[in-house]
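Predicted model, so just to flag it, every value in this text is computed and none were measured. By convention here, the first residue in the shown sequence is residue 1.
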Amino acid sequence: MADDHAAQAIGCYGSRLNKTSHIDRIAQGGVRFDNCFCTNGICAPSRATILTGKYSHLHGVRDNAHVFDGSQGTFPKLLQAAGYETALIGKWHLQSDPTGFDLWSILPDQGEYYNPDLIEMGTTRRRAGYVTDILTDLAVDFIEARRNSSRPFLLMLHHKAPHRNWQPAVRHMTLYDDAKFPEPPTLFDDYATRSRAAAEQEMTIRDHLSLESDLKLGPPPERLDEAQKRAWEAAFGPKREAFRKDGLSGDALVRWKYRRYLQDYLGCVAAVDESIGRVLDGLDRTGLAPNTLVVYTSDQGFFLGEHGWFDKRFMYEEALRMPLLVRLPGRIPPGSVNKDMLTNVDFAPTFLDGAGLKKPPAMQGRSFLPLATARRVSGWPESIYYHYYEFPAVHMVKRHYGVRTERYKLIHFYYDIDAWELYDLARDPRELHNVYANPAYAKVRRELEDELLRLQKLYGDSEELARRFVETDLKK
Ligand code: SGN
Ligand code: CA
C-alpha cells in the first residue's frame, strides 16, 4: 500500500504523467479494479477500515486524531490465529501499538523521508537512507526468510511515499526536470454551481502549497546527511535561482507550482514503483509467487491539480477512487479488468477469503475475489457509501456523506453548512455541474436520497449519529 498514490499516476490506469512498469506487472498478471472507492478519504480511517472490514463510525477512527482500539477484531489477527506468520512494515498512523503481528517495524506518525526513525517491536532506531528503499529492504528480507519456513505468511508493506511534502530519493530528484505535464482541464476551477464547501477548502495549488518546504525553495531539511544535502542543493538550488529570476505571478505562478508539485510527487512514485519490482522479484526468486495473493493499493486517491487542488478528503472522483490491483495465479485470469463497485470495507473479507477463511459476521464488507473470476456476481452492491468527518482541521474540507452509484453521486455537506450536491457522472465526469436543484433530475435525486438512507441503515450510520460525533469530536 502506498500513501496518497492516485490512479492518475499509475501506468495501467492510463496515466498521462508517468510510467509505473513494476506496479503494472500486478495488473498484467491479475486484475485491475476500476471502481474501488474509499469510504472516508484520509489515512488513519482508511487503514482502520482495511484492518477491521468496518466503516469509520464502527471502528472508531473517524479522523486522523482518533486512536485505534487495537483490541478489536482485524483480519491480521484472524490470519495469525490460523497459523499465518504476520508482518507489518512501514506507515501505520493509528497511534496505538499494532496488534495481530508477529513482527512490526513502523514509522512513527507520518514518518520521515530521509534517515527515518523506525519503531521495531517497540524500540525506536534511526535507519540511514531513503524511506522507500529501507522499507523495501525489510520487506525483501522478510520474504527471503520464508525460504526456511513452511508457514503461510501475511506481509503488509505500507509505504510513506508519495505523501506530502514529496521528497524524492536522491536518484529521482531531477527525474522530471524536463517533463511537460498535461494541465488538468479543471486546474483553474471557479467552483461555480457547487456548494461553498468546494470553494472554502484550503488545499489549492495556488494558495496552500508552501514555496519553502512543499516546493523546496528553502534550504535542505536538517535531517539530511552531508551527501544528501549536496544532492538536494544540486537538484533544487538551480530551481530556486530560476524562480527568483523569473518573478512569476498570477496564473503563470500556479502553472509553475503545479509542475514543481508533480515533479516531486512523481519522483516519489518512481521509488515506490522500483520497490514493487523488488518485492515481486523476491516472490519469484523464492518460488512463492505462484501461491501468493499480491495486492497494490493506496489508502485513498489524491488530487493532482484537478479542481486546482492537491490533497484528498472530498468525495469527488480523484480522491474517492483507490487504485486496486490484485494478482492470484491460478485463480485470477491475467490481464483482467473489473468495473464493479467495491470499497476498502471489502478488503478484510477478501484477504480472509484468499486464505480460505470465513469472515466474521461483524465485518461489513464482502470478498471481491469472486468478481475477479466471474463476469457477474449476483447481488453484488451497485452503490457505495462515504462519510468524511475531519473538520475543522488541516485543509478545511467540510464534513460530508454521500452515495455513489455507477452513474450518479449525491453528497450532503453538514455541520457549519447544509448543502447538497448531485452529479451526473456520465454527462459530467469532472463534477463541474451540480444538478441537485435541476428539475430534470428530480426523480434521480429522490432515488438517490432513498438509496442513501438505505445504505445508512444497512451500515448502522445516521444523521443523528453524525451529529453526536460532532459533539464528541469538538470536546476533544
Ligand atoms: C499532513 C499533511 C497534510 C495531509 C495530512 C493527512 N501536511 O498534515 O497535507 O492532508 O497530513 O494526510 S504536511 O505538510 O505535514 O505534509 S494523511 O494521508 O496522513 O491522512
Ligand atoms: Ca494518505
Which one of R223, R125, R127 satisfies the salt bridge (charged side-chain N to carboxylate O under 4.0 Å, His left out) criterion with D117?
R223
Answer yes when D264 and R259 have at least one side-chain N-carboxylate O distance shorter than 4.0 Å, and no when they do not.
no
Should H66 and D473 be marked as a side-chain contact (heavy atoms from CB on, under 4.5 Å) after you check the CA-CA gap, both sets of side-chain angles, and the distance that decides it?
CA-CA 9 Å; H66 288 107; D473 291 356; 3.5 Å; yes
For D4, salt bridge (Lys or Arg N to Asp or Glu O under 4.0 Å) partners two or more places apart
K312
When you compare the side chains of Q110 and K160, does any donor N or O come within less than 3.5 Å of an acceptor on the partner?
no
For the rings on W256 and F243, is their centre-to-centre separation under 6.0 Å?
yes
Below 30° counts as parallel, above 60° as perpendicular, anything between as tilted: where do the rings of Y176 and F181 land?
tilted
Return the minimal non-hydrogen interatomic distance between L320 and M315, and the atom names on each side.
CD2-O, 3.6 Å
Which heavy atom of A2 sits nearest to which heavy atom of V272, and what is that distance?
CB-CG1, 4.5 Å
When you measure from the centre of the six-membered ring of Y415, is the NZ or CZ of R399 closer than 6.0 Å and no more than 45° off the axis?
yes
Nearest heavy-atom contact between R255 and E183 is NE-OE1, 2.7 Å
Heavy atoms of other groups near D207 CG, more than 12 under 6.0 Å:
yes
Closest non-hydrogen atom pair, G100 against T86:
O-OG1, 2.8 Å
Do R430 and D428 sit within salt-bridge range, that is, some charged N less than 4.0 Å from a carboxylate O?
no
Heavy-atom pair of closest approach, residues D137 and R278
OD1-NH2, 2.8 Å
side-chain hydrogen bond (donor to acceptor under 3.5 Å, both in side chains) partners for T39, two or more places apart
N344
No-hydrogen, no-angle side-chain donor-acceptor test under 3.5 Å, D24 and T20:
yes
Does either side chain, that of Q364 or that of D346, offer a donor lying less than 3.5 Å from an acceptor on the other one?
no
Taking the six-membered ring for Trp and the single ring otherwise, decide whether the centroids of H387 and Y389 are under 6.0 Å apart.
yes
Rounded to the nearest 0.5 Å, what separates atom CD1 in I26 from atom CD1 in I10?
9.5 Å
Side chains of Y386 and N40: donor-acceptor distance under 3.5 Å anywhere?
no
For the residue pair M173 and A235, what are the closest heavy atoms and their distance?
CB-CB, 3.6 Å
Centroid-centroid distance, Y408 to Y423, less than 6.0 Å
no
Between R260 and Q263, does any side-chain donor sit less than 3.5 Å from a side-chain acceptor?
yes
According to salt bridge (Lys or Arg N to Asp or Glu O under 4.0 Å), who are the partners of K239, at least two apart in sequence or on a separate chain?
D177
When rounded to the nearest 0.5 angstrom, what is the spacing between CG in L253 and OH in Y258?
15.5 Å
Below 4.0 angstrom, N of the basic side chain to O of the carboxylate: do E144 and R285 qualify?
yes
Give a yes or no on whether the backbone of E202 and the side-chain of H395 come within a donor-acceptor separation of less than 3.5 Å.
yes
Run the side-chain contact (heavy atoms from CB on, under 4.5 Å) check on K398 and R196 step by step: do they pass?
CA-CA 10 Å; K398 295 184 190 300; R196 63 187 167 85; 3.8 Å; yes
Do T186 and E306 have side-chain N/O donor and acceptor atoms under 3.5 Å apart?
no
Less than 6.0 angstrom separating the ring centers of W309 and F314, yes or no?
yes
Is a salt bridge present between R206 and D251, judged by a nitrogen-to-oxygen distance below 4.0 Å?
yes
For atom CZ of R147, is the number of surrounding heavy atoms from other residues, nucleotides or ligands below 6.0 Å larger than 12?
yes
Check this for me: E406, atom CD, are more than 12 non-hydrogen atoms of other residues, nucleotides or ligands nearer than 6.0 Å?
no
Considering only NZ, NE, NH1 and NH2 on the basic side and carboxylate oxygens on the acidic side, decide whether R313 and D311 come within less than 4.0 Å.
yes
Please determine, by modelled atom types, if E274 and H172 share a side-chain donor-acceptor pair under 3.5 angstrom.
yes
So that I can tick it off, tell me whether E241 and R244 are bridged by a salt bridge, with the cut-off set at under 4.0 angstrom between side-chain N and carboxylate O.
yes
Once rounded to the nearest 0.5 Å, what's the spacing between atom CG of D214 and atom OH of Y261?
9.5 Å
To the closest 0.5 Å, what do you measure between CG (L293) and CD1 (I332)?
6.5 Å
Salt-bridged, R321 to E318, with N to O below 4.0 Å?
no
E421 with K409: basic N within carboxylate O range, under 4.0 Å:
no
Stacked cation flag R62 on F469, 6.0 angstrom / 45 deg:
yes
Less than 3.5 Å apart, any donor N or O on the side chain of S15 or N18 sitting next to an acceptor on the other?
yes
Anything under 30° is parallel, anything over 60° is perpendicular, the rest tilted; go ahead and classify Y265 against H5.
perpendicular
Check for me whether the distance between the ring centres of F303 and F310 falls short of 6.0 Å.
no
If only atom types and distance count, is the side chain of T193 paired as donor or acceptor with the main-chain N or O of L432 below 3.5 Å?
yes
When you measure from the side chain of S46 to the backbone of I42, do you find a donor-acceptor pair of N or O atoms at a distance under 3.5 Å?
no
Donor-acceptor check, side chain of K91 to backbone of P108, threshold 3.5 angstrom: yes or no?
no
What class does the angle between the rings of H400 and Y388 fall in, given that below 30° is parallel, 30 to 60° is tilted and above 60° is perpendicular?
tilted
Any side-chain donor near an acceptor of the partner, Y401 and H412, under 3.5 Å:
yes
Should D141 and R146 count as an ion pair when the cut-off is N to O under 4.0 Å?
no
